[in-house]
Visitor: 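Provided herewith is a single structure, encoded as structure tokens, for subsequent inquiry.
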Amino acid sequence: MLPQLESRIVSAVSQHILIRYGVEIAVALEQPRQASFGEFALPVAFQLARQLKKAPRAIADELVAELPSIDGVKTLEVAGGGYINLRLDRAALALAALSPAPVAAAAGDGKVIVEHTNINPNKAAHIGHLRNAILGDTFVRMLRAGGQRVEVQNYIDNTGVQVADVVVGFHYLDKATPAQVHALIAADKFDYTCWDLYAKISQYYKDNPDSLQWRRDTLHAIESGEGELAELGRLVADAIVECHMNTMWRLGIQYDVLPRESEILHLKFWASAFEQLKERKAIYLETEGKNSGCWVMPGSAFDENREDEDSKVIVRSNGTVTYVGKDIAYQMWKFGLLGKDFYYQPFRTYSDGHPVFVSTASPDNAAPVSFGGGRKVYNVIDSRQSYLQDVVVAGLKALNYHEQAANSIHFSYEMVAMSPRACVEMGIELSAEDQARPYVEVSGRKGLGVKADDLIDKLIDSALAEVASRNEDKSGDEQFAVASALAIGALRYFMLKFTRNTVIAFDFQEALSFTGETGPYVQYGAVRAGKILQKAGDLPDFAAVLTPAVCARLLEEEGLWQYVLAVSRTDQALTSALTAGEPAHMARYAFQLAQQFANFYHDYPVIQETDADKRAFLLWLTAQFRAQLERTLGILGITVPAFM
RNA sequence: GGGCGCGUAGCUCAGUUGGAUAGAGCAUCAGCCUUCUAAGCUGAGGGUCGCAGGUUCGAUCCCUGCCGCGCCUACCA
């Protein structure tokens, strides 16, 4: 209800200023620093002061005297050097909240595609991947809460170097046959097996540079799709994708479609893109210098500060296409600009019934579904790849797809690194140089990092100990369910509380914490609100009991009014978090709302309240807190446990 | 060298298109459980918003320079 009121205020004020002063300005509406100043503040007099050459205070006085009354606003007053503070009609706002909110109209203008996770299918997921997936999944939930139609893609690079390296490890180092790898897959934690093998082969390459020929041979075999190496490649990639999907589903993260690189190759997506790029002269065949024989994109196309000679290779001199080239083709497909589509097969159905599809190269038995063709595309990729993302967008621009280029958004975030202390705790030896750093980069090649499943397990263990000691009467299954919910709440909140361009220096103590600004703190609020409602028994008919007169009387109490205001701000928080593209803002709102509830819980014994009207009002407020906490947590992908 | 980002309390971080007394969590110290769950609440101490200029009625925020740190700058993905 607050957003409607806000836009009413803004339009009324800007209209008045236009008529009165003949000036058109963007009216800003702020939240005053102190609650006692009112609910909203207009700094508009400061904005006008320069144009009108008049003291801000005088303008504010005029405005307050002359502004027409606005529905829902009770008083206007001048404060400070020229602020106009607004006080709302309290009962009106509360009553508006009492009646069911109008359903937000769905934005019917096309599909938004969010691509996230994108883990190389060659080893277990680690904390860096968790940040990507949690950020992406939360942003998807935010978009959907805002009424957008969203398609979630998880790109699988199943033919790349990283998969090849693990295949090399199995084939050349371990001399493993496909049958033996099959057995390893059937055994437990294949992704952990590959984690170690990947570190082993990376070290082996270092010690024996000649062995890099194995990688080249394997890559070639995987690309051709023939022979034992290719079979091993398929086995490894498919099995690891299963592992990743399981890990992510533990955190409530789902996908709609898994487009795979192997199909981009087999269905010749690149050939179509290549034709378009050549035709539009977006790339050219270099004839001299170090890139002679390559198809390159001139540097000036993706970075105006670059020289043209500082170009990016798209097709190598041996005729193979680089990753960026394939990415341009893939990005074109996302917008429906390629004139081609994958075929699809069901990959799995989540326990809640949601299906996810995987791309295939063959029309045989293809599922009657289609993906891609989005209006707007968000690529959740860490900031280290911004250079490559720029090249992809430049490709679209060079092809004259300016609208799509503008709608290609690199949803970037900084990496998750390890604090030196976390490294020590894991028994990882650090150089003196690394010890002095604020953080150490996670490295799959070195096997340095915290595996996602290990962290989740650790969190569940630690939550379970706490849950069990507090709830000895509950069954083991019930305790485990709650501990899982808390572990996920802690993990997701931890990954979301930092803004995107902050490097997270992972620290066990912080990540394992359940107190202070954490997911469980917010969950605790929701659980306690639920407990009050449960203990209260049958709830009164709020709409009947809470008349305008009753609301007006009770809301004279400043404290109660602030709580009503607090629970009314969810939409506002969602809108601003979406505008800023910062899931961290949504997380922060969740925490603030929970803090408000903790204060309310402390200040107002709801059940014991003897004034019947007030008791009903407090119960209603409690229900509002519970609903808004649950909804906000839902947007963060965090559930409310049955008890704590 | 160039590009991007960061520098705010002892630590980890927020800070809403420039606005009122710069906030939170952790840590420290002092209090609050016979009351809807203390995973909580209250209070205290703790700040030259990296440094120096500039723009402005007003700068943590915008501009310039400097210092420090990180990432990127592959015919790897």
Side-chain angles (χ1 to χ4, degrees), chain A residues 26 28 30-34 37 41 43 46-47 49-50 55-56 79-83 85 120 157 159-164 215 219 261 290-296 299 303 305-307 310 312-318 320 322-324 326-327 382-388 390 412 414-415 417 419 437-439 441 463 466-467 470-471 486 497-499 501-505 507 509-510 513-518 520-521 523-525 527-529 531-536 573 576-577 579-580 582 584-585 588 591-592 595 598-599 601-609 618 622 643-644:
Chain A
E30 297 177 352
Q31 199 175 322
R33 183 159 291 287
Q34 283 180 35
F37 289 161
F46 296 107
Q47 294 169 266
R50 196 162 314 165
Y83 273 97
N85 289 337
N120 271 303
D157 181 6
T159 61
V161 171
Q162 297 214 14
V163 170
R215 173 194 274 176
L219 264 176
E261 176 145 289
K290 62 179 170 119
N291 292 334
S292 183
C294 299
W295 285 87
V296 301
D303 184 346
N305 294 313
R306 270 171 188 265
E307 303 294 323
D310 199 4
K312 179 71 196 167
V313 172
I314 305 297
V315 180
R316 301 182 188 102
S317 53
N318 66 5
T320 58
T322 60
Y323 179 81
V324 191
K326 282 180 265 192
D327 226 20
D382 79 72
S383 61
R384 285 174 289 191
Q385 308 212 37
S386 59
Y387 168 68
L388 297 177
D390 288 348
S412 73
E414 275 290 348
M415 62 178 167
S419 71
R437 292 173 193 270
Y439 47 79
E441 198 170 343
E466 194 71 26
V467 171
R470 289 162 188 260
N471 300 279
L486 294 177
K497 71 195 270 195
F498 302 93
T499 50
N501 57 9
T502 298
V503 177
I504 299 179
D507 185 273
Q509 196 183 313
E510 272 185 72
S513 169
F514 294 149
T515 62
E517 193 191 340
T518 63
Y521 175 90
Q523 290 171 306
Y524 189 53
V527 166
R528 292 211 287 187
K531 196 63 180 285
I532 294 174
L533 296 169
Q534 191 188 318
K535 282 215 170 182
S576 91
T579 306
E582 271 298 3
H585 290 176
R588 162 102 10 194
F591 177 63
Q592 284 168 346
Q595 272 184 321
N599 289 324
Y601 186 89
H602 185 260
D603 292 345
Y604 293 91
V606 177
I607 308 282
Q608 282 92 332
E609 179 57 51
L618 294 177
T622 305
F643 57 89
M644 276 179 80

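Throughout, protein chains are lettered first and strands after them, A, B, ... in sequence-line order, and every chain is numbered starting at 1. In this text, all values refer to a predicted model and were calculated from it rather than measured experimentally.
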Visitor: With pairs defined as Watson-Crick or G-U wobble and both distances under 3.5 angstrom, please note down RNA chain B as a dot-bracket string, | for pairing with another strand.
Guide: (((((((..((((.....[...)))).(((((.......))))).....(((((..]....))))))))))))....

Visitor: May I ask you to evaluate whether A/His585 reaches the phosphate of B/rG15, defined as a side-chain N or O under 4.0 Å from OP1 or OP2?
Guide: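 Yes, within the criterion.
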
Visitor: Look at the side chain of A/Tyr524 and decide which nucleotide, out of B/rU35, B/rC41, B/rU37, has an atom nearest to it.
Guide: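 Ranking B/rU35, B/rC41, B/rU37 by closest atom to the A/Tyr524 side chain puts B/rU37 first.
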
Visitor: Is there a side-chain polar atom (N or O) of A/Asn501 under 4.0 Å from OP1 or OP2 of B/rC6?
Guide: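 Affirmative; the distance criterion is met.
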
Visitor: Sequence neighbours left out, what passes ring-ring contact (aromatic ring centres under 6.0 Å, His included) with A/Phe498? Give chain and number order.
Guide: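 Partners of A/Phe498 under the ring-ring contact (aromatic ring centres under 6.0 Å, His included) test: A/Phe494.
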
Visitor: Using ring-ring contact (aromatic ring centres under 6.0 Å, His included) as the criterion, list what pairs up with A/Tyr439, not counting sequence neighbours.
Guide: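 ring-ring contact (aromatic ring centres under 6.0 Å, His included) check on A/Tyr439 returns nothing, list empty.
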
Visitor: Might you point out which heavy atoms bring A/Tyr521 and A/Ala598 nearest each other, and give the distance in Å?
Guide: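 Nearest heavy atoms, A/Tyr521 then A/Ala598: OH-CB, 3.6 Å.
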
Visitor: I need the minimum non-hydrogen distance between A/Gly82 and A/Phe46, along with the two atoms involved.
Guide: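 The answer is N-CZ, 3.8 Å.
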
Visitor: Please evaluate the base of B/rA74 for a donor-acceptor partner in the side chain of A/Asn291 within a cut-off of under 3.5 Å?
Guide: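 Donor-acceptor pair under 3.5 Å: no.
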
Visitor: Between B/rC72, B/rA14, B/rG70, which nucleotide has the shortest distance from any of its atoms to the side chain of A/Thr499?
Guide: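 Comparing B/rC72, B/rA14, B/rG70 against the side chain of A/Thr499, the answer is B/rA14.
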
Visitor: Are OP1 or OP2 of B/rA39 and a side-chain N or O of A/Arg470 less than 4.0 angstrom apart?
Guide: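 It does, given that an N or O in the side chain of A/Arg470 lies less than 4.0 Å from OP1 or OP2 of B/rA39.
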
Visitor: Could you tell me which residues satisfy ring-ring contact (aromatic ring centres under 6.0 Å, His included) with A/Tyr524, sequence neighbours excluded, listed by chain and number?
Guide: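 By the ring-ring contact (aromatic ring centres under 6.0 Å, His included) rule, A/Tyr524 matches no residue at all.
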
Visitor: Can you give one letter per nucleotide of nucleotides 21-28 of chain B, 5' to 3': B if a protein heavy atom sits under 4.0 Å from the base, S if only from the sugar-phosphate, - if neither?
Guide: B-SSSS--

Visitor: Identify whether any heavy atom of A/Ser412 sits under 4.0 Å from a base atom; if not, whether one sits that close to sugar-phosphate; answer base, sugar-phosphate or nothing.
Guide: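 Nothing: the residue A/Ser412, judged by heavy atoms under 4.0 Å, touches no strand.
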
Visitor: Do the side chain of A/Ser317 and the base of B/rC75 come within less than 3.5 angstrom through a donor-acceptor pair of N or O atoms?
Guide: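 Answer yes: a donor N or O sits under 3.5 Å from an acceptor.
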
Visitor: What is the nucleic acid contact for A/Val606, judged by heavy atoms within less than 4.0 Å: base, sugar-phosphate only, or nothing?
Guide: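 Base, at least one base atom sits under 4.0 Å.
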
Visitor: Which heavy atom in A/Thr322 sits nearest to a heavy atom in A/Val313, and how many Å separate them?
Guide: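 Minimum heavy-atom separation between A/Thr322 and A/Val313: OG1-O, 3.4 Å.
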
Visitor: Between B/rA20, B/rC75, B/rC13, which one does the side chain of A/Phe498 approach most closely?
Guide: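 Between B/rA20, B/rC75, B/rC13, the one nearest the side chain of A/Phe498 would be B/rC13.
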
Visitor: For A/Tyr439, answer base if it contacts any base atom (sugar-phosphate contacts may also be present), sugar-phosphate if it contacts only those atoms, and nothing otherwise; contact means non-hydrogen atoms under 4.0 Å.
Guide: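 Sugar-phosphate only.
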
Visitor: Please classify the nucleic acid contact of A/Phe514 as base, sugar-phosphate, or nothing, using heavy-atom distances under 4.0 Å.
Guide: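 Result for A/Phe514 = base.
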
Visitor: For A/Tyr601, check ring-ring contact (aromatic ring centres under 6.0 Å, His included) against everything at least two apart and list the hits.
Guide: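 Residues passing ring-ring contact (aromatic ring centres under 6.0 Å, His included) with A/Tyr601: A/Phe597.
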
